[in-house]
Amino acid sequence: MSGAFLAGLVAGYGVAIPVGAIAILILGLSARTSFRVGASAALAVATADGLYAAAATLGGASLAGIIAPVAGPLRVVAAVVLLGLAAHGLWRTWSAHRSRRTPTAPVGRGLSTPGRAYAALLGLTLLNPMTVLYFSALVLGRRDTAHADPGAAALFVAGVFLASASWQLLVAGGGTMVGRALTGPRGRLVTGLVSSGLIAALAVVALLPG
């Protein structure tokens, strides 16, 4: 059973460590708001990874066959959501800079609360069909998880969740440090513009074939 847990850790870090739009979103949220908001977003991503790992252990090849035909449309939806977030972040950053105030929204608006950040990042991460295909391939490639008993499957999913959560929380902590280092209006303007630009670029890349 310890082998299944270690396999889950490796799989979780494998899907979490590559820097993409989600990591940039978490960094930006932590830098512009607080570690609580960034940590909530980080745990949402870990939750989605854990759910997809559980689905892969239960569904295997049949689940991958269902997801593959709709991977393209889901990728388009994810790209549209990312472009919307980039535009919203750009508008918030620029309007805050012009009014000479910090670009954090009032509590209860946007993604400035832990609950809203968790819900938004959970939904956005679940839109990524490649995550379930990734876990399905790993599960099918390992005998100890492809035909695992419930205990081993649970350990695999727990390993995925803990690995993803630890990495995403590290990203959130890095965003908090960046936010503290760049507390002035100019620094927040630069980080906001860079974050929105990178998210928009990643959305465009998601739409490219292959």
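Just so it is clear, the values below take in all heavy atoms, side chains as well, and ignore hydrogens, waters and symmetry mates.
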Grab the two heavy atoms, one from Ala46 and one from Ser164, that are nearest each other, plus how far apart they are.
-> CA-OG, 3.4 Å
Between Leu126 and Ala48, the two heavy atoms sitting closest are CD2-CB, 3.8 Å
So how far is it from Ile26 CD1 to Leu121 CG, rounded to the nearest 0.5 Å?
-> 5.5 Å
For Leu43, which residues count as a side-chain contact (heavy atoms from CB on, under 4.5 Å) partner, sequence neighbours excluded?
-> Tyr118, Ala165, Leu169
Non-hydrogen atoms of Ser166 and Tyr13 that approach each other most closely | OG-OH, 2.9 Å
Results of side-chain contact (heavy atoms from CB on, under 4.5 Å) for Val37 - residues two or more places apart only | Leu29, Thr33, Ser34, Pro114, Ala117
Under 3.5 Å, is there a donor-acceptor pair between the side chain of Ser30 and the main chain of Thr176?
-> no
Test item: Phe161 and Thr47 side chains (from C-beta on) under 4.5 Å apart, heavy atoms = yes
Minimum heavy-atom separation for Ala23 to Val171, with atom names?
-> O-CG1, 3.6 Å
Leu6 side, atom CG; Phe156 side, atom CZ - distance, nearest 0.5 Å | 11.5 Å
Would you indicate whether the side-chain heavy atoms of Thr125 and Tyr52 approach each other to under 4.5 Å?
-> no
